[in-house]
Structures are given as C-alpha cells and as structure tokens.
Amino acid sequence: YVCNQYVYNIRLQSKKIKIKLMTKLLKILIVNLVLVLALFILADYSLFVKDFYNVHKCEDDLLDKSDRWDNDLPYNKNLPSIITIGCSFVYGTDITENETLAYQLQKYTKRKVYNYGTPAQGIQNVLYKLQDSELLNEDLNTEFFIYVFMTDHIRRMYSPVMFSDIYGQPEYKIYPDGIVKYKKDSLSWYKKLFIVYYIGNYYYFSIFEKRHDIHQKNIFSYIRAMKSELEKQYPDIKFVLLLYDDFNTYGIDFNPLKKDGITVIQTKELTGCNFWSNEYFVSDNDTHPVEKVWDIVIPALAKRLKIEA
C-alpha cells in the first residue's frame, strides 16, 4: 500500500508540474502573440487611420434601380424632369409609394420625377450609381438633381451596411487631387477580422465623430465628383443638396459648396420645422419620414427652386 501511494503521489506531482509548465508556456505564447499583433498594428497605424478616413467601400447590390424609380402619375411632357436620390428617406421605407418625395413632388409640379432612392445607400454609393449604372440615360431632359443628405450618410462612408459582403467590392479612395475608384480590397489584414472591422466602423459616432474637418473634406469631394459626373450628361443641370437634418450640431458648414454652383437647402431653414421628432416619424422606433414631412417640404422647395406648377 505504501509503495502504491508513493507511486501515486509521484505521478500526481509530475502531472501538476506538467500542467504548470504548459500553463506557463501558454501564457508566454499568448503574450508573444499579443506583442507581435501590437507591433504589426503600430507599424500599420498610419495606414489604418488613412484607410479608415479615406477609403470607402461600395456595394454592388445597391447599384440597381429600385422598384420605385418610376411611377404612372400623369405629368407635363413639355417640362424638364427631376431626379431625386438618396437612401431610404427618398425611397420611402415603411410608407407607400404615393407618400414618397418623388411621387408627391411629381404630383405638385406636374414634372416627371424619378425616385432613385435606395435603402441603406451612403454618399459613396450615390456616386457609384451615377458612374456605373444606366441611371443617367433614362431621360436627357432633366433639369434638377436633388440629393437628400442626412447625418447617417457620414457614418456610411466609413461603414458598409451591416453584415454585407464587403470583400472584393469596389471602393473609392480620396486623394488631395480627387477621388479614384478601383476594385481592390485594400483593407489592412487585421481590419478584415469580422468583429474588429464592424465594431470599429459601427461605433464610428462614439469614436471618430469629432473629426469634422475630415468628414467635411470627404463629403465635399463626393458631392463635387457627383456634379462633375452629372455634367457629362447634363451640362446645365442644377444640383440641389437637400439637408434633411440640423447639421449645425455636427460642425459641418455646407455653404462653401455654393461656390461650386450647388444649391444648398436645409429643411429646417426652409420650413421652420424640426423633422427629427416623433410626430414626423413612422413610429417611435422608426425614424423614417411620413408623408406629412413632404407635404410641408414640397411647396416650400418648389417655391425656392421656382418649379411650381
């Protein structure tokens, strides 16, 4: 019995030593991996920051025209048409087609109005749509291009639609002298980690919101590129930037775009209404605008643009 107990104790001690040794080795391995990862990230930090702010992914599935791009309302064929473009606010998510901006604007002005809104669309996808779709070939008699811009388009520059396939998708890169589009996955390798990439992007407002100078530079680059693209097809087109929110709190001054021949209109200044309140939402949990918003905006907008019927 004593011999057996002695052998058992030796084996037990040996097992404990092995466990301790393996634990120490595992800790050393983890520490080394963390150090190596940190060194790689630090070495690529400048590229990470540069990529985050200046490289913006597009999504091919947002390129196609939506099912609401046209309607069957009567209109005056002698009057030039209007293009409205933007995200779900223009498309009309959670409201009927006859409650949308395009439908109501056509009804009010008697002009043909196209609805090129696409849910989840960001500013880079608007430019992508102008460059790579047949959108501009539908009607050569277009006078106004109205881009409805909202604050979340800023975040969407840096963050693709959640859970979308970002790899292999086209992207724009902003340089000091302009925007270049290419189909290349230039994301740093550690940014490709699903959790790291999406957490870093999705929480943009809490991390990178204060870089108003960079956001303004990027927004202006896209809007000016849109105008240049439009003018290839419509030399005399009138670009209207309709700011849906009160952007004063975001520190971005859009007025310099007026020097580029762009009409900048803020809905709050235009109507005196703050549409970022529950009475103008589809529901308490859904901030998409209801028809009431466009009932207020359209008469004032038509008067400002001098397109009243």
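Note that the structure is predicted; figures quoted are calculated from it, not measured.
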Q) Just by distance, with hydrogens left out, do E97 and T100 show a side-chain donor and acceptor under 3.5 Å apart? A) no
(Q) Please say yes or no: joined through hydrophobic side-chain contacts below 4.5 Å, possibly via intermediate residues, are I296 and V293 part of one cluster? (A) yes
Q) Going hydrophobic residue to hydrophobic residue with side-chain gaps under 4.5 angstrom, can you get from M150 over to I265? A) yes
(Q) Applying a strict under-4.5 Å side-chain criterion to I, L, V, M, F, W and Y, I'd like to know whether L79 and L105 cluster together. (A) no
(Q) Please verify the inter-ring angle class for F220 with F254; under 30° counts as parallel, over 60° as perpendicular, anything in between as tilted. (A) tilted
Q: Could you tell me which non-hydrogen atom of K292 sits nearest to which non-hydrogen atom of Y280, and how far apart they are?
A: CE-CE2, 3.8 Å
(Q) I'd like to know if the side chain of N71 reaches the main chain of L73, judged simply by a donor and an acceptor atom lying under 3.5 Å from each other, with no hydrogens or angles considered. (A) yes
Q) Ring centres of W276 and F281 under 6.0 Å apart? A) yes
Q. How long is the gap from CG on N278 to CG on D286, to the nearest 0.5 Å?
A. 11.0 Å
**Q.** Check: S283/N285 side-chain N/O donor and acceptor closer than 3.5 Å
**A.** no
Q.
How close do Y172 and Q124 get, counting heavy atoms only, and between which atoms?
A. CE1-O, 3.4 Å
Q. With sequence neighbours left out, what residues match I214 under side-chain contact (heavy atoms from CB on, under 4.5 Å)?
A. Y53, Y158, R211, N218
Q.
For a quick test of reading the model, state the closest non-hydrogen atom pair linking S221 to I174 and the distance between them.
A. OG-CG2, 3.9 Å
Q) Do the side chain of Q106 and the main chain of V113 share a donor and acceptor less than 3.5 angstrom apart? A) yes
(Q) Once side-chain contact (heavy atoms from CB on, under 4.5 Å) is applied, do any residues pair with Q104, and if so which ones, sequence neighbours excluded? (A) K107, E291, D295, I298
Q. Transitive ILVMFWY cluster of Y75 at side-chain heavy atoms under 4.5 Å: who else is in it?
A. none
Q: Flag the pair F89 / Y244 as yes when their ring centroid distance falls below 6.0 Å, and as no otherwise.
A: yes
Q) Can any side-chain N or O of T84 pair as donor or acceptor with the backbone N or O of Y114 at less than 3.5 Å? A) yes
Q.
Quick check: is Y91 connected to L243 through a chain of hydrophobic side chains (ILVMFWY, heavy atoms under 4.5 Å apart)?
A. no
Q. Listed by chain and number, what are the side-chain contact (heavy atoms from CB on, under 4.5 Å) partners of T142, not counting sequence neighbours?
A. S81, I83, D139, Y234, I237
Q: May I ask you to decide if G92's main-chain N or O and R68's side chain share a donor-acceptor pair within less than 3.5 Å?
A: yes
Q. Rounded to the nearest 0.5 Å, how far does CG of L101 lie from CG of L242?
A. 7.5 Å
Q) What residues form a side-chain contact (heavy atoms from CB on, under 4.5 Å) with D177, not counting sequence neighbours? A) Y175
Donor-acceptor contacts, no H, no angles, side chain residues 299-307, under 3.5 Å, sequence neighbours left out:
residue	atom	partner	partner atom	Å
R304	NH2	E269	OE2	3.0

Q | Minimum heavy-atom distance between A120 and C87, given as atom pair plus value | A | N-CB, 4.4 Å
Q. Is K110 positioned over the aromatic face of Y108, cation under 6.0 angstrom from the ring centre and no more than 45 degrees off axis?
A. no
Q: Check for a donor-acceptor pair, side chain of K173 on one end and backbone N or O of K181 on the other, with a separation under 3.5 Å.
A: no
Q) Salt bridge check: are D152 and R156 linked by an N-O gap of less than 4.0 Å? A) yes
